[in-house]
Amino acid sequence: MPELPEVEVTRRSFADAISGARILAVRLGAPLRWPLGVEAPALLGRQVLAVRRRGKYLLIDLSEGLLLVHLGMSGSLAFVAGSQSGLAAPGRHDHFDLVTSQGSLRLHDPRRFGAVVYAADQQQGMALKLLSGLGVEPLEDGFDALHFFQLLARRSAPIKQVLLAGDVVVGVGNIYASEALFLAGIRPTVAANRLSRVRVARLHAAIREVLARAVAQGGSTLRNFSNAHGESGHFQTQAMVYGRAGAACYQCGATVTTIRQGQRSTFYCPRCQKL
DNA sequence: CTATGGACCTGAATGC
DNA sequence: TGCATTCAGGTCCATA
């Protein structure tokens, strides 16, 4: 479900409320993508220091160790403030609860592609493996147009698929890849290494713009996205091509096309987006 | 190293 | 109405 903007919006919606809290209980439901990596009781009594984000992972820093939380395709977090057990009985798809002195964080994830993984420290096994291959953060200063061009120059796969792979730049998922390529005027099928410096610079700017705008507007609401307070975002009203197959391009009136790339749907305007 | 297809899992929408 | 098929915001892994 969530791409970078949705994860970031989720993070902001509970980070302050949970910071400083003590872990009182941990409940695990059906198995998620990977095992927690530690016995849940070991986490009791630890303090939540902060909540950060890396790509589409949330990093919950504890007084000792950290928890990585990924929302997969269908995950969402809900935070219910208050030290009492204001938490409703877990539903069929509620697979993780972190009960703290300041409120309870609950992961709801029907498809269970999400994950909660414990790392004893920043260097530990699975956690390191999950994070180490990630590309640059698109909204930070380290995302540089020239460096982006140099990395793309080594890739012959279609640009859309290189964006989705997340090893060059993180956070661009299926919706925002189509949207950013539309903004940049680039056909999703173009081999990454055949894009000129100028076009890569345009794509660089488009990615930042699309993601920043989506964060500012509270994330996308295609399907059921909501932040940890249950508030939905407004990005769906902004999609230029995603989900618009057969409809007229807002920019030129041509018919928006959909194709399959690597088992994912891609949307583009055949007139606005050049090879 | 890169590129590609399958795998994981459930639910909603679509087709016959 | 029922049943089968397709699709959904991710990403790891095996294979070529």
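Being a predicted model, the structure only gives us computed values, none of them experimental. Proteins get letters first, then strands, A, B, ... in listed order; numbering begins at 1 in each.
When distances run from any side-chain atom of His70(A) to the nucleotides dG10(C), dT10(B), dC7(C), the shortest one goes to dG10(C). Side chain of Arg260(A), nearest nucleotide from dA3(B), dC13(C), dA8(C): dA8(C). Closest to the side chain of Glu3(A), from the set dA8(C), dG10(C), dC12(C), is dG10(C). With dG11(B), dG10(C), dA3(B) as the choices, the nucleotide that has an atom nearest any side-chain atom of Ser156(A) turns out to be dA3(B). Comparing dC7(C), dT10(B), dT2(B) against the side chain of Arg112(A) picks out dT10(B) as the nearest.
Using a 4.0 Å heavy-atom distance criterion, Arg33(A) is classed as a base contact.
Ring-plane geometry between His204(A) and Phe148(A) is classed as tilted, the angle between the planes lying from 30 to 60 degrees on a 0 to 90 degree scale. Ring planes of Phe267(A) and Tyr242(A): perpendicular class, angle over 60° (limits at 30 and 60°).
Contact annotation: Arg92(A) reaches the phosphate of dG11(B) (side-chain N/O to OP1 or OP2, under 4.0 Å). Not one side-chain nitrogen or oxygen of Lys56(A) sits closer than 4.0 Å to the OP1 or OP2 atom of dC12(C). Taking 4.0 angstrom as the limit, Ser74(A) places none of its side-chain polar atoms (N or O) nearer than this to OP1 or OP2 of dG11(B).
Rounding to whole angstrom units, OH of residue Tyr57(A) and C1' of dG10(C) are separated by 9 Å. Between the P atom of dA3(B) and the CG atom of Leu164(A) lies a distance of 13 Å, rounded to the nearest Å. The distance between atom CG of Leu68(A) and atom C1' of dG10(C), rounded to the nearest whole Å, is 15 Å. Between the CG atom of Leu134(A) and the C1' atom of dG10(C) there is a distance of 12 Å, given to the nearest Å. Between His95(A) atom NE2 and dC9(B) atom C1' the separation is 9 Å, expressed in whole Å. Remark: C1' of dA8(C) and CZ of Phe267(A) are 11 Å apart, rounded to the nearest angstrom. Between the P atom of dC12(C) and the CH2 atom of Trp34(A) lies a distance of 5 Å, rounded to the nearest Å. Note: CZ (Arg54(A)) to P (dG10(C)) measures 16 Å, nearest angstrom.
Mapping Gln263(A) and Arg155(A) onto DNA chain B by nearest heavy atom places Arg155(A) at the nucleotide closer to the 5' end. Each of His93(A) and Arg154(A) was matched to the nucleotide of DNA chain B holding its nearest heavy atom; the match closer to the 5' end belongs to Arg154(A).
One P atom belongs to dC9(B), the other to dC3(C), and the distance between them is 24 Å to the nearest Å.
When Watson-Crick and G-U wobble pairs are counted only if both distances are under 3.5 Å, dC9(B) pairs with no nucleotide at all.
Between the side chain of Arg111(A) and the base of dC9(B) there is at least one donor-acceptor pair of N/O atoms closer than 3.5 Å.
In this structure, a donor-acceptor pair under 3.5 Å is absent between the side chains of Arg260(A) and Thr266(A).
Counting side-chain heavy-atom gaps under 4.5 Å among Ile, Leu, Val, Met, Phe, Trp and Tyr, Leu164(A) is found in no cluster with other residues.
When each of Arg53(A), Arg208(A), Lys56(A) is tested with Glu137(A) by the rule salt bridge (charged side-chain N to carboxylate O under 4.0 Å, His left out), just one qualifies, namely Arg53(A).
Here the CG atom belonging to Leu203(A) is positioned 10.5 Å from the OG atom belonging to Ser196(A), to the nearest 0.5 angstrom.
The aromatic ring of Phe113(A) does not sit over the base of dT11(C); the criterion of centres under 5.5 Å apart with planes under 30° is not met.
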